[in-house]
A.B. asks: 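Pasting a structure here, questions to come.
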Amino acid sequence: MKAVGFTEFGGPEVLQILELPTPEAGPGEVRIHVHAATVNAVDALQRSGPARSPDAQPPFVPGMDAAGVVDQIGPGTSTDLSVGDRVMAIVLPDGVHGAYAEQVVVPVESVVRAPHGATDAQTASLPMNGLTARLALDTLGLEPGQTVAITGAAGAVGGYAVQLAKADGLRVVADASDQDETLIKELGADIVLRRGAEYPDRVRLEVPECVDGLVDAASLGALCARAVRDGGRVVTLRGYDGPGERDVVFEPVVVFSYVKEHAKLDQLRQQAEQGRITLRIAKTFPAEQAAEAHRLLAAGGVRGRLILTF
């Protein structure tokens, strides 16, 4: 099968087309013929060479989101899916096992039907980023009527967090640049404030009692504590877990813990079908142009997802 991957770490230029053995679905697994895969920041981190298992050997295939059709169901696998069904899946990259490939095998718990009416590119934009936002809000554990602040609201995770928070009945205070203010209001934020290092102070001025929790998708780190009430929580997506003032707790989350949360992934599908969350695509690229997609992601300012098509 054709895949996009790398044999050495480096910049976008190390990405290349690979010919790899076609994987076979085992018990409890489903194989997907991939039509679209999302380009995420974590893919670029993997490509540039963060710590890996010392046993890991190239080639490496990145990618955590796949959309396509079921083309094989492993023996003894219990599922209501059939060969030919349109699906989406969250993929846990492991060596050659990533979504940048014509075929990928995933646990049956990691795959659900595609949202009705969504294209493959739109569908691929949802699993990893949607589940990350869901995990962040679940970790905060706020009740309807409480207030959550969200940084990085114009990004993929931040945008889903805004919409999912509203679906949960929360009051949302989000950040935005001038050019993104209209977008963030359309996503449903109740209050939109200027993004940047001063955002937590702006939140405190707008919400004197402070917010009940905060999702930090913009990596503001320790600054976020200023916006949160005494004893509140900040969920961080880039690992920050430093001490917080006034007993504010920082809690890093990693989406890997949700890769088999089938019910939560299927709920995202339903919310997409209901129009409660928006599938935003910035640009699609043929798989052969993966390096260009990575360069565009690195340049910043992308609104919506970059998608590779197979």
Side-chain angles (χ1 to χ4, degrees), residues 25 28-40 42 63-74 77-92 98-99 103-139 155-170 186-188 215 217 253 255-282 284 304-310:
E29 295 179 330
V30 171
R31 188 176 70 193
I32 300 170
H33 184 85
V34 178
H35 292 168
T38 303
V39 175
N40 287 297
V42 67
M64 292 188 66
D65 302 275
V69 298
V70 175
D71 75 351
Q72 187 183 57
I73 297 174
T77 299
S78 177
T79 178
D80 61 354
L81 296 171
S82 301
V83 171
D85 285 348
R86 293 186 63 241
V87 294
M88 63 180 179
I90 181 169
V91 182
L92 186 58
Q103 282 149 318
V104 65
V105 170
V106 295
V108 68
E109 299 93 341
S110 299
V111 56
V112 301
R113 285 182 171 80
H116 180 72
T119 66
D120 289 322
Q122 290 171 326
T123 298
S125 72
L126 180 56
M128 193 275 280
N129 291 295
L131 281 174
T132 300
R134 184 67 270 161
L135 170 61
L137 292 168
D138 289 350
T139 301
V157 174
Y160 284 139
V162 170
Q163 292 188 301
L164 291 174
K166 289 304 299 178
D168 289 350
L170 302 178
E186 290 174 347
L187 292 177
V215 176
V253 298
V255 74
F256 295 163
S257 64
Y258 264 27
V259 294
K260 291 187 177 182
E261 289 286 349
H262 184 271
K264 294 182 185 295
L265 183 57
D266 198 53
Q267 182 182 39
L268 292 174
R269 172 193 63 81
Q270 296 172 46
Q271 291 174 310
E273 291 178 345
Q274 296 161 358
R276 304 188 79 174
I277 53 178
T278 306
L279 308 179
R280 296 184 288 145
I281 303 303
T284 61
R305 292 291 79 186
L306 303 174
I307 307 292
L308 302 182
T309 58
F310 289 84

A.B. asks: Which pair of non-hydrogen atoms, one from Ile281 and one from Ser125, has the smallest distance, and what is that distance?
C.D. replies: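 Looking at all heavy atoms of both residues, the closest pair is CD1-CB, 3.8 Å.
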A.B. asks: So, taking the atom named CG in Leu164 and the one named CG in Leu268, what distance separates them when rounded to the nearest 0.5 Å?
C.D. replies: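 Here the interatomic distance stands at 6.0 Å.
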A.B. asks: For Ser110 and Val106, indicate whether the former's side chain and the latter's backbone hold a donor-acceptor pair under 3.5 Å.
C.D. replies: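 Checked: no pair found.
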A.B. asks: So how far is it from His262 NE2 to Glu109 CD, rounded to the nearest 0.5 Å?
C.D. replies: 8.0 Å
A.B. asks: Please identify each residue that fulfils side chain to side chain contact (heavy atoms under 4.5 Å, CB included) with Ser257, with sequence neighbours left out.
C.D. replies: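 Side chain to side chain contact (heavy atoms under 4.5 Å, CB included) list for Ser257, sorted by chain: Leu135.
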A.B. asks: Compare every heavy atom of Gly28 with every heavy atom of Thr77, then report the nearest pair and how far apart it is.
C.D. replies: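 Minimum heavy-atom contact is OG1-N, 2.8 Å.
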A.B. asks: If we ignore hydrogens and angles and just use 3.5 Å, is the side chain of Gln163 paired with the main-chain N or O of Thr278 as donor and acceptor?
C.D. replies: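 Side chain of Gln163 to backbone of Thr278, a donor-acceptor pair under 3.5 Å: yes, one is there.
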A.B. asks: Kindly indicate, with the supporting measurements, whether the criterion side chain to side chain contact (heavy atoms under 4.5 Å, CB included) is fulfilled by Leu279 and Tyr160.
C.D. replies: CA-CA 9 Å; Leu279 308 179; Tyr160 284 139; 3.4 Å; yes
A.B. asks: Mind checking the CG-CG spacing from Leu306 to Asn40? Nearest 0.5 Å is all I need.
C.D. replies: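 The distance works out to 9.0 Å.
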A.B. asks: Looking only at heavy atoms, what is the nearest atom pair of Leu137 and Ala165, with distance?
C.D. replies: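 It is CD1-N, 3.6 Å.
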A.B. asks: Within this structure, what is the CE-CG distance for the pair Met88 and Asp266, rounded to the nearest 0.5 Å?
C.D. replies: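 Spacing of CE (Met88) from CG (Asp266) equals 7.0 Å.
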A.B. asks: Can you see which heavy atom on Ser82 is nearest to which on Ile73, and at what distance?
C.D. replies: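 Taking Ser82 first and Ile73 second, the nearest heavy atoms are CA-CD1, 4.1 Å.
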A.B. asks: With rounding to the nearest 0.5 Å, note down the distance linking CZ in Arg31 to CG in Asp71.
C.D. replies: 4.0 Å
A.B. asks: Starting at CD of Gln103, measure out to NE2 of His33 and round the result to the nearest 0.5 Å.
C.D. replies: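 It comes to 6.0 Å.
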A.B. asks: Any side-chain heavy atom of Leu308 sitting closer than 4.5 Å to one from Val39?
C.D. replies: yes
A.B. asks: Are the side chain of Asp65 and the backbone N or O of Met128 linked by a donor-acceptor pair below 3.5 Å?
C.D. replies: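 Judged by distance alone, yes, a pair lies under 3.5 Å.
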A.B. asks: For Ala99 versus Phe310, what's the shortest heavy-atom pair and its separation?
C.D. replies: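 For Ala99 and Phe310, the tightest heavy-atom pair comes out as O-CE1, 4.3 Å.
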A.B. asks: For Arg276, does its backbone N or O pair with a side-chain atom of Gln271 as donor and acceptor, under 3.5 Å?
C.D. replies: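 Side chain of Gln271 to backbone of Arg276: no pair is present.
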A.B. asks: For a quick test of reading the model, state the closest non-hydrogen atom pair linking Val104 to Val91 and the distance between them.
C.D. replies: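 Where Val104 meets Val91 most closely, the heavy atoms are CG2-CG1, 4.0 Å.
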A.B. asks: Just by modelled atom types, is the Gly74 backbone N or O under 3.5 Å from a matching donor or acceptor in the Glu29 side chain?
C.D. replies: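 No; judged by distance alone, with no hydrogens or angles, the pair does not exist.
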A.B. asks: Verify, without hydrogens or angle tests, whether Arg280 (side chain) and Gly155 (backbone) share a donor-acceptor contact under 3.5 angstrom.
C.D. replies: yes
A.B. asks: With heavy-atom distances below 4.5 Å as the criterion, would you say the side chains of Val112 and Val87 are in contact?
C.D. replies: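 Val112 vs Val87: side chains apart.
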A.B. asks: Side chain to side chain contact (heavy atoms under 4.5 Å, CB included), that's the test. Do Ile32 and Val111 meet it? Break it down for me.
C.D. replies: CA-CA 9 Å; Ile32 300 170; Val111 56; 4.0 Å; yes
A.B. asks: Tell me whether the count of non-hydrogen atoms from other residues, nucleotides or ligands lying under 6.0 Å of NZ in Lys166 goes above 12.
C.D. replies: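 Yes, the 6.0 Å shell around NZ holds more than 12 heavy atoms from other groups.
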A.B. asks: With sequence neighbours excluded, what pairs up with Ala156 under the side chain to side chain contact (heavy atoms under 4.5 Å, CB included) test?
C.D. replies: Asn129, Arg305
A.B. asks: Are Val108 and Ser78 side-chain neighbours, meaning at least one heavy-atom pair lies under 4.5 Å?
C.D. replies: no
A.B. asks: After noting the C-alpha distance and the side-chain angles of Leu126 and Ile277, does the key distance pass the side chain to side chain contact (heavy atoms under 4.5 Å, CB included) rule?
C.D. replies: CA-CA 9 Å; Leu126 180 56; Ile277 53 178; 3.8 Å; yes
A.B. asks: The test is side chain to side chain contact (heavy atoms under 4.5 Å, CB included); show your working for Arg113 and Arg86 and say whether it passes.
C.D. replies: CA-CA 6 Å; Arg113 285 182 171 80; Arg86 293 186 63 241; over 6 Å; no
A.B. asks: Any donor and acceptor pair, going by atom type alone, linking the side chain of Thr38 with main-chain N or O of Ala124 inside 3.5 Å?
C.D. replies: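 Judged by distance alone, yes, a pair lies under 3.5 Å.
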A.B. asks: Do Thr123 and His35 have side chains that get closer than 4.5 Å, going by heavy atoms?
C.D. replies: no
A.B. asks: Once side chain to side chain contact (heavy atoms under 4.5 Å, CB included) is applied, do any residues pair with Lys264, and if so which ones, sequence neighbours excluded?
C.D. replies: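 Lys264 satisfies side chain to side chain contact (heavy atoms under 4.5 Å, CB included) with Leu131, Arg134, Asp138, Tyr258, Glu261 only.
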